[in-house]
Each structure stands twice: as structure tokens, then as C-alpha cells.
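Notes to accompany the following structure.
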Amino acid sequence: QVQLVESGGGLVQAGASLRLSCEASGHTFNYYSMGWFRQTPGKEREFVAGIGWFIGTTIYSADVKGRFTITRDNAKRAVYLQMNNLQPDDTAVYYCALRDQLHATYYDHEYPYWGQGTQVTVAS
């Protein structure tokens, strides 16, 4: 059973940084891609960033490009999201997701596996 566990969320002031982590376990995929999504109450879950099996292949939403950086450590089966210059609009529950394909995508329905989420709150 695939399990994804996020950590690193918290409450910060606008302009601060946070680093989210997600560790995957319980799978035997030879290759996989991972993504970060976020959701606020009453809104659809939205794509934030994704990283393919080949570490150089990353994608970002326009809202976070230039502020957030996604990286992965295949040996640790982990993915990270470095979030800089956080703003109140970044407040959300952040979810890690995994798909057993080479490339990340923007679409949440293409990720079969999800973590439980970690809360990020940015105060103004």
C-alpha cells in the first residue's frame, strides 16, 4: 500500500520561507513522478508544482513560479517544496501526490496516490 506523509507546514509571517517534505513508502515502482497541490476551504484543489523521474523536469503554476522550488531525493523516496516569500494567498492545506509515470502533470485526477496534507498559514 502506497503511503505519502507530508511534513513541514506551519504558521509564518508574510515574506517568510517554509520547506515541505513528503516521504513515500510501500511502493515498488521503478520510476514515478510527484507533485504538490493545495486547497483552501470552498475551493478546488489546485496544482502547485511537479517533478518527473528525471530530476530536471519540473513544472510550476504561474502563481508560485520563481518563489517555490520542487526537488526530489530518489534514494530517500522523498520530494520537497521550498517555499520562499510566502504570501497570505499561499495559505492552504498542501498535499503531496504520486503517479507511477515518468512525467508530472498539472491535473490532480492523474495522480492515484495522495498524502493526508499539511497546513500552511501565512499571516499578513
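Everything numeric in this text was worked out from a predicted model, so none of it was measured.
Hydrophobic clustering places Val64 together with Val120 (ILVMFWY residues linked when any side-chain heavy atoms are closer than 4.5 Å, directly or through intermediates). Tracing side-chain contacts under 4.5 Å through hydrophobic residues (I, L, V, M, F, W, Y), one never reaches Tyr113 starting from Tyr80; they form parts of separate clusters. Ile51 and Leu18 fall within a single hydrophobic cluster, where Ile, Leu, Val, Met, Phe, Trp and Tyr are joined by side-chain heavy atoms under 4.5 Å apart, directly or via other members.
Contact between Val122 and Thr91 at its shortest, heavy atoms only, is N-OG1, 2.9 Å. Of all heavy-atom pairs between Gln116 and Val5, the closest is OE1-CA, 3.9 Å. The nearest pair of heavy atoms linking Ala14 to Ser124 is CB-CA, 4.4 Å. Tyr94 and Ala92 get closest at one heavy-atom pair: CD1-O, 3.4 Å.
Of the possible donor and acceptor atoms, one in the side chain of Thr118 sits under 3.5 Å from a partner among the backbone N and O of Gly9. Panel note: side chain Glu46, backbone Glu44; no donor-acceptor pair is recorded below 3.5 Å. Listed for the Gln82 side chain is no donor-acceptor partner under 3.5 Å among the backbone atoms of Ile70.
Sorted by first and then second residue, the disulfide bond (SG atoms under 2.5 Å apart) pairs involving residues 30-85 (not counting sequence neighbours) form an empty list. Sorted by first and then second residue, the side chain to side chain donor-acceptor pair (under 3.5 Å) pairs with a member in residues 47-65 form an empty list; sequence neighbours excluded. Applying the salt bridge (Lys or Arg N to Asp or Glu O under 4.0 Å) test to every pair with at least one member in residues 71-92, sequence neighbours left out, gives these pairs: Arg38-Asp90, Arg67-Asp90. Within the structure, the salt bridge (Lys or Arg N to Asp or Glu O under 4.0 Å) test picks out no pair touching residues 114-124 (sequence neighbours left out). Within the structure, disulfide bond (SG atoms under 2.5 Å apart) contacts touching residues 25-89 (residues at least two apart or in different chains) do not occur. Annotation: salt bridge (Lys or Arg N to Asp or Glu O under 4.0 Å) contacts involving residues 112-124, sequence neighbours excluded, are absent. Residue pairs meeting the disulfide bond (SG atoms under 2.5 Å apart) criterion with at least one partner in residues 61-95, sequence neighbours excluded, do not occur; the list is empty.
Looking at heavy atoms from C-beta onward, Val79 lies out of side-chain contact with Thr71 at the 4.5 angstrom threshold. Counting heavy atoms from C-beta on, the side chains of Trp36 and Glu6 come closer than 4.5 Å. Trp114 has its side chain out of reach of Cys96: every pair of non-hydrogen atoms, C-beta onward, lies at least 4.5 Å apart. Put simply, the side chain of Leu81 does not reach to within 4.5 Å of the side chain of Arg19, judged on heavy atoms.
By the side chain to side chain contact (heavy atoms under 4.5 Å, CB included) test, Val93 is found to be paired with Tyr95, Gln119, residues two or more places apart in sequence or in another chain being considered. By the side chain to side chain contact (heavy atoms under 4.5 Å, CB included) test, Ala123 pairs with Leu11, Gln13, sequence neighbours left out. In this structure Ser17 satisfies the side chain to side chain donor-acceptor pair (under 3.5 Å) test together with Asn84, sequence neighbours excluded.
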Only pairs under 3.5 Å count here: list side-chain donor-acceptor contacts from residues 97-112, not counting sequence neighbours, and write none if there are none.
| residue | atom | partner | partner atom | Å |
| --- | --- | --- | --- | --- |
| Arg99 | NE | Glu110 | O | 3.0 |
| Arg99 | NH1 | His103 | O | 2.3 |
| Thr105 | OG1 | Tyr107 | N | 3.4 |
| Thr105 | OG1 | Glu110 | OE1 | 2.9 |
| Asp108 | OD2 | Arg45 | NE | 3.4 |
| Tyr111 | OH | Thr105 | N | 2.9 |
| Tyr111 | OH | Thr105 | O | 2.7 |

Just distance, no hydrogens or angles: give the donor-acceptor pairs under 3.5 Å from side chains in residues 20-32, sequence neighbours left out.
| residue | atom | partner | partner atom | Å |
| --- | --- | --- | --- | --- |
| His27 | ND1 | Phe29 | N | 3.2 |

